[in-house]
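All remarks here apply to the structure that follows.
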Protein chains: 2
Amino acid sequence: MLETFETVAKAVADPSRLRILKLLEGGELCVCQITTVLDLAAATVSKHLALLKTAGLLQQRREGKWVYYRLADRALTPHAPAFLSLVAAALTGDPTIAADRALLARVNAVPLARICAQGRSALQDDPSPLCCGSAS
Amino acid sequence: MLETFETVAKAVADPSRLRILKLLEGGELCVCQITTVLDLAAATVSKHLALLKTAGLLQQRREGKWVYYRLADRALTPHAPAFLSLVAAALTGDPTIAADRALLARVNAVPLARICAQGRSALQDDPSPLCCGSAS
DNA sequence: ATATCATTTCGTTAAGTAACGAATTGATAG
DNA sequence: CTATCAATTCGTTACTTAACGAAATGATAT
């Protein structure tokens, strides 16, 4: 029990994984979308996602060649829901998180196949204000 | 901001530090009492306490040669209160935490000076049920 | 079947961390 | 002022972990 708490807390105690959790608060995402926003090696992101899933914070769904992750919508492990609530309530104004959200908006403006194939280079060079408006 | 969250989460993501936090939910304790219950080197416990304090989870008070630590009663860092609440709500039934509480009761039955000087060997060999009754 | 693409797993490297004993600091007591 | 005692800091060792590129896996599409 103490050990599962430790697992979940450790999962949340990493900036890349926190960014993933905050991204997924907007709904499920494909691995390549997350990889594009975080700008990390695919292997690294995959490992983070696996760790978050082990902690009970994420669920997985396969659709063809693509794998989608989303926040767990039920208690997969004892402490996961509490931590998800805490994370959801926190970091709302963090600049890194805000930047990630903004970048995700641009990623969402491009067909998924292109994001998976080309990553960041699939994004338009000029993020016009017409596209990707802020949430506020 | 993301960084301070990480600091607090990391502080909580360690079994020894969790045990310390749960011990201190019963009120402030002297370092040597905590050391006796955890059965770790003084240096190790001191480092854990310093880390928890840096995270904003603990406050410190000096009284003569003894140093007392307690849970932070105000927001020393942005995310500390949320994590303290989460920890307080969790692990209530954990066997390690329960054992620690039981041992603390025996520690409290001995004068502080003896605990500081002798650690575990200051405890009675036979914890009679008359002393140290459980909280329930 | 073969090729291709997204993801995961493997193996390695560099950085971080928990533990300890030894040495230091800070504070009382003689 | 010296000794003593609690706590902290220092320096070391063993272990864990985040990151990457390369290789393996799983799933379409040709």
Side-chain angles (χ1 to χ4, degrees), chain A residues 2-3 6-7 9-20 28-55 58-70 107 110-120 122, chain B residues 2-3 6-7 9-20 28-55 58-70 107 110-120 122:
Chain A
L2 201 155
E3 193 183 309
E6 191 194 339
T7 301
K10 273 204 170 80
V12 157
D14 175 272
S16 298
R17 290 192 289 268
L18 269 177
R19 291 169 68 195
I20 291 173
E28 75 172 5
L29 292 171
C30 173
V31 173
C32 76
Q33 293 176 300
I34 299 169
T35 302
T36 300
V37 172
L38 295 194
D39 207 21
L40 291 172
T44 303
V45 172
S46 181
K47 194 151 175 292
H48 282 311
L49 290 168
L51 202 151
L52 287 166
K53 184 160 164 272
T54 299
L58 298 187
Q59 286 171 284
Q60 202 186 15
R61 178 174 72 88
R62 176 144 221 155
E63 190 173 314
K65 333 190 238 189
W66 299 330
V67 175
Y68 290 86
Y69 282 87
R70 66 180 180 281
V107 167
V110 177
L112 186 50
R114 280 196 62 192
I115 293 294
C116 283
Q118 306 170 21
R120 286 218 168 185
Chain B
L2 201 156
E3 194 183 308
E6 190 193 341
T7 301
K10 272 204 170 79
V12 157
D14 175 272
S16 299
R17 289 194 289 269
L18 269 177
R19 291 170 67 196
I20 291 172
E28 76 173 4
L29 292 172
C30 173
V31 173
C32 75
Q33 294 177 299
I34 300 170
T35 303
T36 300
V37 172
L38 294 194
D39 207 20
L40 291 173
T44 303
V45 172
S46 182
K47 195 152 172 295
H48 281 312
L49 290 167
L51 202 151
L52 287 165
K53 184 160 164 271
T54 298
L58 298 188
Q59 286 170 284
Q60 204 185 14
R61 178 175 73 88
R62 175 145 222 154
E63 188 173 314
K65 332 189 240 192
W66 299 330
V67 175
Y68 290 85
Y69 281 88
R70 67 181 179 281
V107 167
V110 177
L112 186 49
R114 280 197 61 193
I115 294 294
C116 283
Q118 305 169 21
R120 288 218 166 184

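Here the structure is a predicted model, which means the values were calculated and not measured. Just so we're on the same page: letters track the sequence lines, and every chain starts at 1.
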- Query: In chain order, what residues pass the side chain to side chain contact (heavy atoms under 4.5 Å, CB included) check against B:E63, with sequence neighbours excluded?
  - Reply: B:R61, B:Y68

- Query: With sequence neighbours excluded, what pairs up with A:Q60 under the side-chain hydrogen bond (donor to acceptor under 3.5 Å, both in side chains) test?
  - Reply: A:K53, A:Y69

Below 3.5 Å is the cut-off: list the nitrogen or oxygen pairs between protein and nucleotides 12-19 of chain C, distance only.
| from | atom 1 | to | atom 2 | distance (Å) |
| --- | --- | --- | --- | --- |
| C:dA18 | OP1 | B:R17 | NH1 | 3.3 |
| C:dA18 | OP1 | B:R17 | NH2 | 2.8 |
| C:dA19 | OP1 | B:S16 | OG | 3.4 |
| C:dA19 | OP2 | B:H48 | NE2 | 2.4 |

- Item | Side-chain heavy-atom pair A:D14, B:E6 within 4.5 angstrom cut-off | no

- Note on the structure: In numerical order, the residues of residues 62-69 of chain B whose heavy atoms come under 4.0 Å of DNA chain D are B:K65, B:W66, B:V67, B:Y69

- Task: Search all heavy atoms of A:V110 against all heavy atoms of A:A122 and return the closest pair with its distance.
- Result: CG2-O, 3.8 Å

- Query: How long is the gap from CG on B:L52 to NE2 on B:H48, to the nearest 0.5 Å?
  - Reply: 8.5 Å

- Item | Contacts of type side-chain hydrogen bond (donor to acceptor under 3.5 Å, both in side chains), residue B:K65, not counting sequence neighbours | none

- Item | A:I115 CD1 to C:dT7 P, straight-line distance once rounded to whole Å | 12 Å

- What are the two closest non-hydrogen atoms of B:R17 and B:A11, and how far apart are they? NE-O, 2.8 Å

- Query: Atom CZ of A:R61 and atom C1' of C:dA6: how far apart are they, to the nearest Å?
  - Reply: 15 Å

- Task: For A:A50, answer base if it contacts any base atom (sugar-phosphate contacts may also be present), sugar-phosphate if it contacts only those atoms, and nothing otherwise; contact means non-hydrogen atoms under 4.0 Å.
- Result: nothing

- Item | With sequence neighbours excluded, residues passing salt bridge (Lys or Arg N to Asp or Glu O under 4.0 Å) with A:R19 | A:D100

- So the contacted stretch of DNA chain D, first to last nucleotide with an atom under 4.0 Å from a non-hydrogen atom of chain B, runs from D:dC5 to D:dT9

- Item | Residues which pass side chain to side chain contact (heavy atoms under 4.5 Å, CB included) with A:Q59, listed by chain and number, not counting sequence neighbours | A:R70, A:A72, A:D73, A:R74, A:L76

List the atom pairs, with distances to 0.1 Å, where a side-chain N or O of residues 30-43 of chain A and a protein N or O form a donor-acceptor pair under 3.5 Å, not counting sequence neighbours.
| from | atom 1 | to | atom 2 | distance (Å) |
| --- | --- | --- | --- | --- |
| A:Q33 | OE1 | A:C30 | N | 2.8 |
| A:Q33 | NE2 | A:N108 | OD1 | 3.3 |
| A:T35 | OG1 | A:V31 | O | 2.9 |
| A:T36 | OG1 | A:C32 | O | 2.7 |

- Task: Please name all residues satisfying side-chain hydrogen bond (donor to acceptor under 3.5 Å, both in side chains) with B:K47, sequence neighbours left out, ordered by chain then number.
- Result: none

- Separation of B:S16 OG from B:L49 CG (nearest 0.5 Å): 10.5 Å

- Pairs counted as Watson-Crick or G-U wobble with both distances under 3.5 Å: what dot-bracket string results for DNA chain C, using | for bases tied to another strand? ||||||||||||||||||||||||||||||

- Query: Ignoring hydrogens and geometry, is there a side-chain-to-backbone donor-acceptor pair from B:R114 to B:C116 under 3.5 Å?
  - Reply: no

- Query: Looking across every strand, which nucleic acid part, if any, lies under 4.0 Å from A:Q60 by heavy atom: base, sugar-phosphate, or nothing?
  - Reply: sugar-phosphate

